[in-house]
Amino acid sequence: MENTTTPHPLADQLWKGAAAFLKHEQTHDGSIVDGLDIYGKISEDEDQFNAVSLVFIQANADENPNNKGLKDTLLHAITSIIGSNYKKEHLHFLEEKAQTEKTDQGIHALDFYLRLGSYHESLRPQVIDFVVNYYTTFSSEQLNLTGFYLYNVYPKTQEYFSLFQTIVNFHKGITPEKNENPMGYLEPETKPWWKFW
C-alpha cells in the first residue's frame, strides 16, 4: 500500500520503504532489509533532507484512518533513521516553516522539529533554543503542540517543566518579564553535611 497523493518523487521511495518495514513487522519475512536499504540510501544524501521534511509534513497531515499504520511507520522511520543525520541547516528549514506558516503545514513542520529533538539528543539543544527564543511568535496550536512535547515526551527535568509552565502562562495571556529565563532556575545540588565525598 503506497501513498500516491504525495507529489514529491522521493515520496514514493519513502512510502515503499515504510511498507517494507510494516510488512516485516506483520509477517517477519525479512522485508526489513528492503526498507533499510531504501532509507539508508536516502539518509546518505543530505541534499534530499528538506524534501524528506516536506514528505513528513504532508504525510503527517493525512488523516485517512485506512493509512494510519503505514503513515505511523513512515513518520517513525523518517524521524529515527533519516533524522539521525539532520544537521543545523536542515533544522533551520523546519524552523522557517514553523515560523512563517501559521497553517497546518507550519504545525506539522513544528511537530517534526519537536519530534526530532525528542528522538535525537544531539539535536535537542537547538530545538530547545528555538522554542525558548520564538515561543512568543507561535500560534495557539503550536503552543499546544510544544506544551505536549515538553510535558509528555521530553525528559522530565526541572528546566523543561519550567519552559512548559512559561508556555502555559503565555498561552493564558501572561507575558514573561524581559529578564525572565523561560528555562527556569536550577538550584545547585546540595549534599547533606554527612556526605562529603
Side-chain angles (χ1 to χ4, degrees), residues 1-25 30-64 67-135 137-139 141-142 145-146 148-149 153-154:
M1 176 160 94
E2 292 183 31
N3 184 335
T4 57
T5 62
T6 310
H8 198 281
L10 186 61
D12 289 337
Q13 293 176 38
L14 292 167
W15 284 106
K16 183 178 177 184
F21 291 136
L22 188 60
K23 182 179 178 192
H24 175 76
E25 185 179 314
S31 58
I32 191 171
V33 174
D34 297 333
L36 288 172
D37 183 50
I38 291 168
Y39 276 74
K41 286 177 184 170
I42 294 170
S43 69
E44 292 172 1
D45 186 1
E46 290 184 16
D47 293 338
Q48 296 191 63
F49 287 0
N50 290 344
V52 169
S53 294
L54 292 174
V55 172
F56 181 100
I57 290 166
Q58 190 161 23
N60 201 16
D62 179 9
E63 295 183 14
N64 182 347
N67 289 341
K68 184 166 176 26
L70 182 59
K71 171 186 141 179
D72 290 347
T73 302
L74 174 89
L75 300 180
H76 174 68
I78 287 174
T79 307
S80 61
I81 299 171
I82 299 172
S84 65
N85 294 318
Y86 269 47
K87 306 269 188 295
K88 285 185 177 189
E89 58 268 19
H90 308 113
L91 292 179
H92 286 303
F93 175 78
L94 291 167
E95 290 171 357
E96 185 177 312
K97 284 252 180 239
Q99 281 184 293
T100 60
E101 298 189 28
K102 302 302 180 197
T103 62
D104 285 346
Q105 191 169 25
I107 293 166
H108 293 300
L110 183 62
D111 185 18
F112 185 36
Y113 187 78
L114 293 167
R115 192 180 298 214
L116 285 167
S118 71
Y119 273 61
H120 306 291
E121 197 170 335
S122 63
L123 302 176
R124 197 171 300 148
Q126 183 175 345
V127 170
I128 292 300
D129 284 347
F130 173 75
V131 170
V132 166
N133 292 325
Y134 295 103
Y135 75 91
T137 66
F138 288 177
S139 69
E141 292 85 2
Q142 289 174 319
L145 182 65
T146 305
F148 169 81
Y149 270 93
V153 179
Y154 278 70

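- What you find for A20 and S31 is that their closest heavy atoms are O-OG, 2.9 Å.
- Annotation for T137 and K102: closest pair O-NZ, 3.0 Å, computed over non-hydrogen atoms.
- Taking all atoms of both residues into account, the shortest heavy-atom contact from R115 to S118 is O-OG, 2.8 Å.
- With H24 contributing its side chain and F21 its backbone, the two residues share no donor-acceptor pair below 3.5 Å.
- Here the OG1-CZ distance, from T146 to F138, works out to 4.5 Å after rounding to the nearest 0.5 Å.
- Here the CG atom belonging to L70 is positioned 5.0 Å from the CH2 atom belonging to W15, to the nearest 0.5 angstrom.
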Between I81 and L36, does a side-chain contact (heavy atoms from CB on, under 4.5 Å) hold up when you go through it step by step?
-> CA-CA 9 Å; I81 299 171; L36 288 172; 4.2 Å; yes

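- With values rounded to the nearest 0.5 angstrom, L114 atom CG is found 10.5 Å from F148 atom CZ.
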Verdict with reasoning, D37 to K41, per salt bridge (Lys or Arg N to Asp or Glu O under 4.0 Å) = CA-CA 6 Å; D37 183 50; K41 286 177 184 170; 3.4 Å; yes

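- F49 and F93 have their aromatic ring centers separated by at least 6.0 angstrom.
- Using a distance-only test at 3.5 Å, with no hydrogens or angles considered, a donor-acceptor pair links the side chain of Q142 to the main chain of A98.
- Between Y119 and H76, a ring centre-to-centre spacing shorter than 6.0 Å is recorded.
- If you take CG on N133 and CD on Q99, they are separated by 9.5 Å, rounding to the nearest 0.5 Å.
- Across every non-hydrogen atom of Q126 and E95, the tightest pair is NE2-OE2, 3.2 Å.
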Kindly determine whether Q105 and H108 satisfy side-chain hydrogen bond (donor to acceptor under 3.5 Å, both in side chains), including the steps that lead there.
-> CA-CA 5 Å; Q105 191 169 25; H108 293 300; over 6 Å; no

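- Shown here for A77 and Y39, the closest heavy-atom pair between the two residues is CB-CE2, 3.6 Å.
- Nearest heavy-atom pair, Y113 versus V127, reported as atom, atom and distance to 0.1 Å: OH-CA, 3.4 Å.
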Let me see the working for F130 and L91 under side-chain contact (heavy atoms from CB on, under 4.5 Å), right down to the final yes or no.
-> CA-CA 10 Å; F130 173 75; L91 292 179; over 6 Å; no

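- Dense packing is recorded around NZ of K71, with more than 12 heavy atoms of other residues, nucleotides or ligands lying under 6.0 Å away.
- Separation of atoms CD1 (I57) and CG (L75) is listed at 11.0 Å; rounding is to 0.5 Å.
- The neighbour count for E89 CD, taken as heavy atoms of other residues, nucleotides or ligands under 6.0 Å away, is above 12.
- Between K88 atom NZ and L123 atom CG the span is 10.5 Å, to the nearest 0.5 Å.
- Q48 is linked by a side-chain contact (heavy atoms from CB on, under 4.5 Å) to L10, D45, counting only residues two or more places apart in sequence or in another chain.
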